[in-house]
Amino acid sequence: MQTNSFGSESLEKNSETSPKILAEQYRQTLNKYNYEYYVLDAPSVPDAEYDRIFKLLQELEVQFPDLVTPDSPTLRVGGAPLAVFSQVRHTVPMLSLNNAFDDADVHAFVRRLEEGLPGQLPKIDYAVDLKFDGLAISLIYKFGLLVQAATRGDGNVGEDVTENIRTIRTIPLRLRGENPPELLEVRGEVVMFKEDFNKLNARQREAGLKEFANPRNAAAGSLRQLDAKITSRRNLRFFAYGLGELKIDDKYQRPATLTDLFHWYSQLGISVCKERALVSSIDELLAFYRQTEQTRDQLAYEIDGVVYKVNSFALQQQLGFVSRAPRFALAHKFPAQEQLTTVLNIEVNVGRTGAITPIARLAPVKVGGVIVTNATLHNEDEIRRKDIWIGDAVIVRRAGDVIPEVVATIPDQRPVTARRFVMPTRCPDCGSEIVKSGDEAIARCSASWIKCSAQRKGGLWHFASRKAMFIDGLGEQLLDRLIDQNIITTAADLYKLGFTSLATLDRMADKSAKNVIAAIEASKKTTLARFIYALGIRHVGETTAKDLARYFGDIYPMMEATEEQLLEVNEVGPVVAKSIITFFSDPLNREVVKQLIAAGVHWPKSEMMASKQIFSGKTFVLTGTLPTLSRETATALIEAAGGKVQSSVSKKTSMVLAGEEAGSKLVKAQELGVRIISEAELMQMLDHFTN
DNA sequence: CAGCCTCGAGTTCT
DNA sequence: CTCGAGGCTG
């Protein structure tokens, strides 16, 4: 369970296993070490051990060249880190903790405690707190003065980072209180708050410098700055969680428990983590874990689990250590949200607008409990900015816990076989030229959807999607086949589909064919806004489609609209207006619209009438002097459209109508994020529905 | 005219 | 969710 037991010894004993399996085991072990080294910044084995396994794998691959996989660590070339800080030997070693990944591990931990502490049960108090995702640091205070700060290093020898640590404002340079101990070694974690991390990366980006992969790397990088002035700008923080050496006059009492220690730290002016608890059962330990997992996103900093420790120092001592980790403590980790993996290839996807999006094909890894194999790279600039090569070792994260993202590459682990991604010049679907207009980030297939079946598929998928026509059961698979076999080309063709043409498709059961036909039939009854959205006009999304529907009331006036007229519509500027005009100037698009309506696609004609009460349910507040209207007239106009006028601004206010010399109500509206409109805008809104 | 805000488009996996 | 881009506000 703990990292060390997953060792090399077991690997070598398996001499009877096939070379293939052995090679795989070596690779996995090396990847794990890499992960610990680069992602966790907490290697579980010395470098020499890594080198030894590396050599074993290399020899095996020389013997059996077929066994070389594209993600083999032997294809990487490594670089040795430079020693620039002076070294510090820890008097009391800074050990790592045993890890638990599931409830069973926690039960085993408690069972080991029972065996180690006969007679103590049933009551052992546990001090539980968070496992910060930062850097472990040791601070030494002599007679209350900070004299030395050091990183953990390998646990025995770390680096002297005193100058940089001094710049951290949450670390006292002199302890508070009258009688400081002769020697106090505070153990804790340096972290960077998520907010500061984001700001830092924004600055790095602006300055054209490399961004940091995560707050922990940023904290580590900041602490390793040779120039302490840079460190001071990085806004690092410190939380104490433990005790190293302590020499204290006999007349003072030594803290007997962690609870005492933290209390004492607070008095000395040393910050400790507030998310703590004192519990005494497995159920409470697990409850703390689950509750923390729920709320971790709300914390200002990142954590990768929680820590359980026996509260009493006396009992801790009695329990002692197993190999290199204390028996009295356990780190219960959350499922990893970041992993190290390999970019096997970078391919491109063609979207419905012809947008060419590069996608990284990854060696499968489990991230946050899910196997990830793909991650979007957005566009060429992004690849260049992050300097991602095919073959690179990369850190992958699930952004917002959902969508996989390549956070960063590890250039000094770049294999010799790695190569840069080159944007193709031809569309992988239709072979047309790929173009990129100067200032745009996205490259596009130059062909229209008539020629490019990828765009056609995307367009039809959009047409049938939930927010558009909502044709349930018309999935991607089915659409692909219908288009590939030239059964349909345009959206209008969908409504000409017969049961027989569907049922003749392979693997298409009669029943599902019937369902699809029924769903298509049902989709005929829709709304104008959905219909406009379904057309897939560039720059016309859900919201703009609604605005257009409200303004025009029907599709025909919109098809004939001039640019001037379109600009009247909310959310429509020159770019959107031109896009709409271009769309309807294509005879084929007009034909499709005509056919769709002929096929029976319809929407309530009363939609416009219903929207006559455009302000029903909305509340307004007037403030300041309006240019032309009196307050009475404005109120009357709003009420005629179904709205209500109130005297004071609240969160529930829909809009604030502001004129000259608007006062506190305007300020309040801004604070609450309530929409503020001018008289002209109000008139515009009212015009739209009377037209 | 610049910065802010909102919208659009593409995307992952179960 | 994230990024880019268009529109709107100050």
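Keep in mind that the numbers below use all heavy atoms, side chains included, and drop hydrogens, waters and symmetry copies.
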>> Atom CD of residue position A/Glu195 - does it have more than 12 heavy atoms of other residues, nucleotides or ligands inside 6.0 Å?
In response: no
> Does A/His462 have any ring-ring contact (aromatic ring centres under 6.0 Å, His included) partners at least two apart in sequence or in another chain, and if so, which?
Replying inline: A/Tyr533
>> Using the side-chain heavy atoms of A/Thr544, tell me which of these nucleotides is nearest: B/dT12, B/dG8, C/dG4.
In response: B/dG8
> Of all the choices, B/dT11, C/dG4, C/dG6, which nucleotide is nearest to the side chain of A/Asn379 once you look at every atom?
Replying inline: C/dG4
> Which part of the nucleic acid does A/Ile442 contact within heavy-atom distance under 4.0 Å: base, sugar-phosphate only, or nothing?
Replying inline: nothing
>> Please pick, from B/dG8, B/dA9, C/dG7, the nucleotide with the shortest atom-to-atom distance to any side-chain atom of A/Val576.
In response: C/dG7
>> Whether A/Thr357 contacts B/dT11 is assessed here as follows: a side-chain N or O lying under 4.0 Å from the phosphate OP1 or OP2. Is that the case?
In response: yes
> Are the charged groups of A/Glu302 and A/Lys194 less than 4.0 angstrom apart, N to O?
Replying inline: no
> Nearest to the side chain of A/Val372, which nucleotide is it out of B/dC13, B/dG10, C/dC3?
Replying inline: B/dC13
>> Please enumerate all residues that pass ring-ring contact (aromatic ring centres under 6.0 Å, His included) together with A/Phe334, with sequence neighbours excluded.
In response: A/Tyr289
> What nucleotide among B/dT12, B/dT11, C/dC3 has an atom nearest to a side-chain atom of A/Asn374?
Replying inline: B/dT12
> Which nucleotide in the list B/dG10, C/dC3, B/dC13 gets nearest to the side chain of A/Thr373?
Replying inline: B/dC13
>> Does a side-chain N or O of A/Asn349 approach OP1 or OP2 of B/dT11 to a distance below 4.0 Å, or not?
In response: yes
> Between C/dG4, C/dG6, B/dT12, which one does the side chain of A/Val575 approach most closely?
Replying inline: C/dG6
> If you check every side-chain atom of A/Arg352, which of B/dT11, C/dG7, B/dA9 has the closest atom?
Replying inline: B/dA9
